[in-house]
*Asks:* 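Provided herewith is a single structure, encoded as structure tokens, for subsequent inquiry.
Predicted model only: the values in this text are computed from it and were never measured.
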Amino acid sequence: MSTEEHTGHYAIAPRRVSFDWDGTPLHWIPDEPTATHVINVLHLLLPAGERWFVKVFKEALPLVDDPELLKDVKGFMGQEATHSVQHAYVLDHLAAQGLDTEAFTKYVDLLFEKLLGEKPPFGAPVPTQEWLRFRLSVIAAIEQFTAVLGNWVLHAEGLDRANADKIMLDLLRWHGAEEVEHRAVAFEMYQHCGGEGLPRYARRIEGMAVTAPVLAWLWVWGTAYLIRHDPQLAGRLRYSLREHNRAVGQGLLPTWRELGAAIPRYFRRSYHPSQEGSLRKAVDYLATSPAARAAAGAVGRAALS
């Protein structure tokens with residue numbers, strides 16, 4: 001069960017948020033370029049990645065015959081589409097500050113649009129149903145990490161102590177809270193569409209076995225890219241494990257243990273993502289998030305007009 005017991009079904013719905021990036025500096029964690037850019041990798045991966053989530057789920061929607069799951073999946077798709085758009089705006093802001101990311105994101109687009117597209121790459125003879133199930137297993141594995149990261153950022157007091165930019169913190173915590181809010185949907189979608197018994201479990205393990213090393217590689221590559229092309233650093237810094245670990249020690253990044261422990265948990269046959277994080281903490285943040293509150297107010301005004 002989750003950290004808090006709750007009764008009834010929790011409704012998942014997108015929030016049409018917006019953020020004003022005009023005052024956000026390139027190094028939005030002051031004097032911490034490594035920590036800033038490790039987290040900025042989210043902006044490199046998520047616009048294409050979350051668009052891909054939505055595309056794959058659209059393919060699988062006809063297989064869903066559970067009305068409650070169908071409602072959750074549609075809410076999930078709305079949230080992920082909004083996340084994709086908002087992180088893409090951050091890429092525009094980075095470009096406006098002289099940090100162009102297109103040379104990196106073109107490879108992320110290739111990964112999601114071609115290598116993990118609607119048809120298997122290179123004409124591989126994988127049956128249509130099996131290819132869809134594999135991609136659903138990859139999404140479930142990615143969502144395991146986004147739930148862990150979402151829970152981390154909601155509790156990351158080190159970012160507040162470091163005087164991190166308030167707008168960026170609100171984006172990360174709004175997004176993190178919604179990841180905790182819908183933490184179980186991708187897993188349940190896979191379980192529903194992924195077949196039965198041992199083959200379904202084995203494919204779930206396969207999804208994580210592929211996802212974890214690829215994500216790690218993308219994160220290191222993405223951080224190195226951002227630091228190398230940062231105009232304010234002008235080549236004076238390189239990504240290093242030493243600097244990364246120093247930032248971890250200051251509470252600016254999640255610990256390796258927090259990230260690594262997510263994998264064996266996921267491998268348990270009895271695992272369910274409702275065990276991840278605190279739904280109450282997520283809902284409490286969404287009730288106070290400036291962007292989420294503004295979005296709720298806009299909805300309320302529209303309803304009254």
Side-chain angles (χ1 to χ4, degrees), residues 41-66 69-70 72-74 76-81 83-85 87-88 91 100-146 182 185-226 262-263 266-267 269 271 273:
V41 173
L42 287 167
H43 312 309
L44 298 178
L45 303 181
L46 292 177
E50 295 189 303
R51 284 196 306 271
W52 176 73
F53 290 2
V54 174
K55 288 179 182 177
V56 175
F57 272 31
K58 279 183 178 177
E59 288 181 49
L61 278 180
L63 304 177
V64 180
D65 54 15
D66 179 329
L69 176 60
L70 185 62
D72 285 346
V73 167
K74 289 180 176 179
F76 172 95
M77 291 167 66
Q79 288 189 343
E80 297 290 16
H83 298 167
S84 174
V85 169
H87 285 280
L91 294 183
D100 186 16
T101 60
E102 192 172 335
F104 184 92
T105 56
K106 68 181 181 181
Y107 294 108
V108 180
D109 292 342
L110 175 69
L111 169 65
F112 289 112
E113 294 174 11
K114 302 298 183 184
L115 299 182
L116 290 169
E118 190 170 349
K119 295 181 179 179
F122 314 117
V126 181
T128 300
Q129 182 185 61
E130 184 60 28
W131 181 239
L132 177 58
R133 287 173 170 176
F134 169 71
R135 288 179 295 148
L136 289 172
S137 77
V138 169
I139 294 173
I142 294 172
E143 285 289 297
Q144 167 77 346
F145 289 114
T146 59
H182 69 226
V185 176
F187 181 90
E188 290 177 349
M189 181 67 159
Y190 170 72
Q191 292 292 98
H192 186 80
C193 301
E196 301 290 340
L198 185 59
R200 180 176 67 181
Y201 173 68
R203 196 184 303 102
R204 171 155 71 88
I205 300 307
E206 177 191 22
M208 177 59 81
V210 170
T211 296
V214 171
L215 271 183
W217 173 66
L218 286 172
W219 225 285
V220 171
W221 180 26
T223 304
Y225 175 92
L226 290 168
I263 299 172
Y266 189 81
F267 284 168
R269 192 80 179 262
Y271 177 76

*Asks:* Can you confirm whether T105 sits close enough to P47 that some side-chain heavy atom of one is under 4.5 Å from a side-chain heavy atom of the other?
*Replies:*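 SC-SC contact between T105 and P47 ruled out.
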*Asks:* Who passes side-chain contact (heavy atoms from CB on, under 4.5 Å) against K58, sequence neighbours left out?
*Replies:* V54, M77
*Asks:* Within the structure provided, determine whether W219 and L44 are in side-chain contact (heavy-atom separation under 4.5 Å).
*Replies:*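 Not in contact.
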*Asks:* Indicate yes or no for a side-chain donor-acceptor contact from W52 to the backbone of I139 under 3.5 Å, with no hydrogens or angles considered.
*Replies:*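 Not at all, since once roles are kept as given, no pair shorter than 3.5 Å links the two residues.
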*Asks:* Rounded to the nearest 0.5 Å, how far apart are CE of M189 and CG of D66?
*Replies:* 11.0 Å
*Asks:* Are side-chain heavy atoms of V138 and V56 found at a separation under 4.5 Å?
*Replies:*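 V138 does not reach V56 side chain to side chain.
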*Asks:* So, for A140 and Y190, which heavy atoms are closest and what is the spacing to 0.1 Å?
*Replies:*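 Heavy atoms only, the tightest pair is CB-CB, 4.3 Å.
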*Asks:* Taking the side chain as C-beta and beyond, is there a heavy-atom pair between L116 and F134 under 4.5 Å?
*Replies:*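 In short, these two side chains touch, coming nearer than 4.5 Å.
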*Asks:* Between K55 and E118, is a salt bridge (charged side-chain N to carboxylate O under 4.0 Å, His left out) present by the stated rule, with each step listed?
*Replies:* CA-CA 9 Å; K55 288 179 182 177; E118 190 170 349; over 6 Å; no
*Asks:* How long is the span from the CG atom in D109 to the CG atom in L115, to the nearest 0.5 Å?
*Replies:* 11.5 Å
*Asks:* Parallel, tilted or perpendicular: which one describes the rings of F76 and F53, with boundaries at 30° and 60°?
*Replies:* parallel
*Asks:* Mind checking the CD1-CD spacing from I142 to Q144? Nearest 0.5 Å is all I need.
*Replies:*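 Atom-to-atom, I142:CD1 and Q144:CD are 12.0 Å apart.
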*Asks:* Look up atom CG in L198 and atom CD in E196, then write down how far apart they are to the nearest 0.5 Å.
*Replies:* 12.0 Å
*Asks:* Is a side-chain donor or acceptor of R203 paired with a backbone partner of G194 at a separation under 3.5 angstrom?
*Replies:* yes
*Asks:* For the atom pair CZ (R200) and CD1 (I205), what is the distance rounded to the nearest 0.5 Å?
*Replies:*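 Reported to 0.5 Å precision, the distance equals 12.0 Å.
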*Asks:* Would you say the side-chain atoms of Y201 pair up with the backbone N or O of F267, donor to acceptor, closer than 3.5 Å?
*Replies:* yes
*Asks:* Mind checking whether C193 and F57 have side chains closer than 4.5 Å, heavy atoms only?
*Replies:*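 Result no, sub-4.5 Å side-chain heavy-atom pair not found.
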*Asks:* Looking only at heavy atoms, what is the nearest atom pair of G117 and W131, with distance?
*Replies:* O-NE1, 2.8 Å
*Asks:* If you count every heavy atom of other residues, nucleotides or ligands that lies below 6.0 Å from E130 atom CD, does the total exceed 12?
*Replies:*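 More than 12 within 6.0 Å, yes.
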*Asks:* Taking all non-hydrogen atoms of both residues into account, name the closest pair between A103 and Y225 and its distance.
*Replies:*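 It is CB-OH, 3.6 Å.
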*Asks:* Can you name the closest pair of heavy atoms from Y266 and A141 and give their distance?
*Replies:*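 So the two residues come closest at OH-N, 3.6 Å.
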*Asks:* Answer yes or no: does atom OH of Y107 have more than 12 heavy-atom neighbours from other residues, nucleotides or ligands under 6.0 Å?
*Replies:* no
*Asks:* So M208 and R204, do their side chains get closer than 4.5 Å, heavy atoms only?
*Replies:*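 No, their side chains stay 4.5 Å or more apart.
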*Asks:* Any heavy-atom pair between the side chains of F187 and E143 that's under 4.5 Å?
*Replies:*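 No, too far: nothing below the 4.5 Å cut-off.
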*Asks:* Compare every heavy atom of G207 with every heavy atom of S137, then report the nearest pair and how far apart it is.
*Replies:*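 In this case the closest contact between S137 and G207 is OG-CA, 3.5 Å.
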*Asks:* Return the minimal non-hydrogen interatomic distance between E50 and H87, and the atom names on each side.
*Replies:*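 Here E50 and H87 meet closest at OE1-CD2, 4.4 Å.
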*Asks:* Does some side-chain heavy atom of D65 sit less than 4.5 Å from a side-chain heavy atom of H192?
*Replies:* yes
*Asks:* Going by atom types alone, do E80 and H182 pair a side-chain donor with an acceptor below 3.5 Å?
*Replies:* yes
*Asks:* Please report the C-alpha distance between L218 and V41 in whole Å, then the side-chain angles of each, then the deciding distance to 0.1 Å, and finally whether the side chain to side chain contact (heavy atoms under 4.5 Å, CB included) criterion is met.
*Replies:* CA-CA 8 Å; L218 286 172; V41 173; 5.8 Å; no
*Asks:* Is the NZ or CZ atom of R51 both under 6.0 Å from the centre of the six-membered ring of F112 and within 45° of that ring's axis?
*Replies:*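 R51 over F112 ring: no.
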